[in-house]
Amino acid sequence: MRYFKQRLMLSGLILCVNYLMAQNPLIRNQFTADPSARVFNGKVYLYPSHDILASPGHGKVGWFCMQDYHVFSSSNLTDWTDHGVIVSQNKVPWVDSATYSMWPPDCIEREGKYYFYFPAPAKAGGGRGFSIGVAIANDPAGPFVPQPTPIVGIHGIDPNVQIALDGQAYIYWAQGNLYGAKLKANMLELDSEPVKLEGFPDKGLKEGPYLFERKGIYYMTYPHVTDKIERLEYAMSDNPLGPFKYAGVLMDESASGCWTNHQSVIDFKSQWYLFYHNDDLSPEFDKNRSVRVDSLFFNEDGTILKVIPTLRGVGITSATKKIEIDRFSAKSTDGIAIAFLDTASKFQGWKTIFNKPNSWVKYNSVSFANKKLKHICVNARSTTGGTLLISTAAVPNKIIAKVSIPKGDDWNVTKITLQSIPVGVKNLVVQLQGVGNLEVDWISFE
Ligand code: FUB
């Protein structure tokens with residue numbers, strides 16, 4: 001498992017935080033969905049839904065089941081800290097804690113306070129369907145204090161809050177279509193009548209509104225069902241409440257068949273990113289989802305290039321980390337498969353199987369900066385025995401190690417001296433030399 005726990009002593013207070021290291025999916029210690037990513041104080045904070053498996057008496061078996069929210073943070077989009085639970089259904093006065101329906105949240109900063117918005121069904125007498133509540137903190141990681149009542153005038157899911165260029169705050173939500181209204185300066189009450197946002201396809205469920213601004217243009221992104229599975233689309237406007245003009249598909253329907261998707265978009269250190277989710281860690285049950293991130297790029301005219309989902313995700317991986325080559329950025333047409341290391345414990349992640357002559361994977365952006373690295377370690381096993389050629393991608397590839405993996409059933413770490421030592425950020429290629437059947441968990445440099 002690619003995470004470890006550490007206890008921190010702070011002024012006599014013991015904090016328990018998880019450190020997670022991952023490509024896509026980003027979070028490997030729990031299921032996460034509906035990511036709202038935010039940049040606060042130079043770090044990325046991630047506020048996802050927290051999917052769990054329903055059981056009799058705890059949620060509706062076979063359906064979405066969520067009882068609380070965690071927040072995660074990262075300064076490099078590769079190493080994530082789980083700050084633990086920030087809001088849970090049984091600690092919010094107005095929420096019906098029998099419903100296990102703490103659906104997609106959002107969080108925004110205003111004048112040094114952090115406002116966390118979340119939908120949930122209210123207790124009896126609070127109206128049918130979902131209401132939207134707010135919890136407030138002085139720090140993006142909490143502690144968050146829930147307001148005693150939900151926002152008056154909203155019935156719907158998937159809240160999203162944005163502060164426009166003129167300082168006016170807006171809240172958006174979904175109820176089959178997309179809705180929006182102004183928020184008062186206290187961020188807790190509506191300051192205008194809700195309006196149905198215009199300019200979107202008429203047919204098919206639309207949900208998960210997420211608005212962002214770039215160069216004076218407001219982009220409304222949202223999942224939309226045109227067939228059976230949601231795809232991500234967007235529309236543009238020069239006004240936060242529209243009317244919007246449909247602009248295209250941001251991400252196609254998931255190849256794995258996960259029927260929901262849900263997105264947020266941020267600019268972090270001058271690169272734009274799309275956060276979304278898929279069913280990587282639960283391919284047989286798509287109500288247990290996992291958050292991913294990929295880079296997003298704009299055309300000259302301000303429209304967005306469709307984002308193609310990757311396993312590699314984003315960020316630079318240190319050569320001294322366990323590099324999960326199953327999160328490759330490219331592979332040979334034949335002879336590469338990925339599989340769970342342990343199907344009974346999927347959070348342990350995946351392995352790469354090389355099973356055709358000369359099959360290969362490429363893993364981009366590995367940093368060898370400022371490290372006097374002499375050895376490569378490969379955690380592998382092979383039913384046939386075989387050799388891996390490790391090279392830095394170039395034409396021709398420059399071989400830095402030849403690693404012989406002995407025949408055997410057990411996983412073993414093979415450590416050998418590097419033939420040459422890479423410098424800087426390099427793309428790595430791992431290739432089976434000739435024939436064999438070889439499984440790799442990770443490679444690392446020391
Ligand atoms: O997480 C539950 C629902 O699935 C959300 O409201 C939708 O956006 C979809 O992700």
Side-chain angles (χ1 to χ4, degrees), residues 25-27 30-37 46-54 58-71 87-89 95-96 99-107 116-122 128-133 150 154-161 171-180 197 200-201 204-211 220-234 250-254 256-265 274-282 285-293 309:
L26 291 182
I27 308 297
Q30 60 195 269
F31 297 115
T32 50
D34 310 321
S36 173
L46 183 62
Y47 301 88
S49 305
H50 179 195
D51 287 344
I52 55 175
L53 201 56
H58 298 272
K60 184 175 161 189
V61 174
W63 188 238
F64 300 108
C65 183
M66 297 98 130
Q67 63 182 1
D68 58 27
Y69 301 99
H70 286 231
V71 58
V87 172
S88 59
Q89 62 176 7
V95 168
D96 179 352
T99 54
Y100 290 82
S101 296
M102 307 291 275
W103 280 24
D106 194 10
C107 187
F116 180 77
Y117 296 82
F118 57 96
R128 291 184 58 215
F130 281 74
S131 298
I132 290 176
I154 302 183
H155 288 285
I157 57 171
D158 303 356
N160 164 239
V161 174
I171 183 163
Y172 304 93
W173 64 95
Q175 206 182 11
N177 287 294
L178 308 181
Y179 296 84
L197 303 178
F200 302 92
L205 174 77
K206 294 168 284 293
E207 54 181 2
Y210 184 94
L211 186 100
M220 176 56 81
T221 62
Y222 57 96
H224 178 209
V225 185
T226 53
D227 187 6
K228 292 193 182 75
I229 297 179
E230 288 184 330
R231 68 183 188 197
L232 302 180
E233 299 177 356
Y234 73 105
L250 200 51
M251 176 174 279
D252 286 327
E253 291 88 346
S254 127
S256 71
C258 182
W259 81 265
T260 65
N261 201 348
H262 192 114
Q263 77 301 332
S264 57
V265 176
L274 174 73
F275 287 74
Y276 60 100
H277 71 224
N278 201 356
D279 55 3
D280 300 80
L281 290 166
S282 174
F285 181 60
D286 64 1
K287 315 295 179 300
N288 282 172
R289 300 156 294 177
S290 293
V291 166
R292 291 170 160 218
V293 61

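The analysis underlying the following values was restricted to heavy atoms, covering all of them including side chains, and did not include hydrogens, waters or symmetry mates. Remember, it's a predicted structure, so these values are computed and weren't measured experimentally. Whatever order the structure lists them in is the order used to number ligands and atoms, beginning at 1.
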Residues that Asp252 engages under salt bridge (Lys or Arg N to Asp or Glu O under 4.0 Å), provided they are two or more places apart:
Lys306

Sort out for me which residue in Trp173, Phe200, Tyr172, Tyr179 forms a ring-ring contact (aromatic ring centres under 6.0 Å, His included) with Tyr222.
Phe200

Once side-chain hydrogen bond (donor to acceptor under 3.5 Å, both in side chains) is applied, do any residues pair with Gln263, and if so which ones, sequence neighbours excluded?
Thr221

Classify the ring geometry of Tyr69 against Phe116: parallel below 30°, tilted from 30° to 60°, perpendicular beyond 60°.
perpendicular

Please enumerate all residues that pass side-chain hydrogen bond (donor to acceptor under 3.5 Å, both in side chains) together with Thr260, with sequence neighbours excluded.
His277, Arg289

Check ligand 1 against the protein and report each N/O to N/O distance under 3.5 Å, formatted as atom name, atom name, distance.
unit_1, atom_1, unit_2, atom_2, d
ligand 1, 1 (O), Asp34, OD2, 2.6
ligand 1, 1 (O), Arg289, NH1, 3.3
ligand 1, 1 (O), Arg289, NH2, 2.8
ligand 1, 4 (O), Arg289, NH1, 3.1
ligand 1, 6 (O), Asp158, OD1, 2.7
ligand 1, 6 (O), Asp158, OD2, 3.3
ligand 1, 8 (O), Asp158, OD2, 3.0
ligand 1, 8 (O), His262, ND1, 2.7
ligand 1, 10 (O), Asp34, OD1, 2.6
ligand 1, 10 (O), Arg289, NH1, 3.2

Sole candidate of Asp158, Asp106, Asn160 that passes side chain to side chain donor-acceptor pair (under 3.5 Å) when paired with Ser36
Asp106

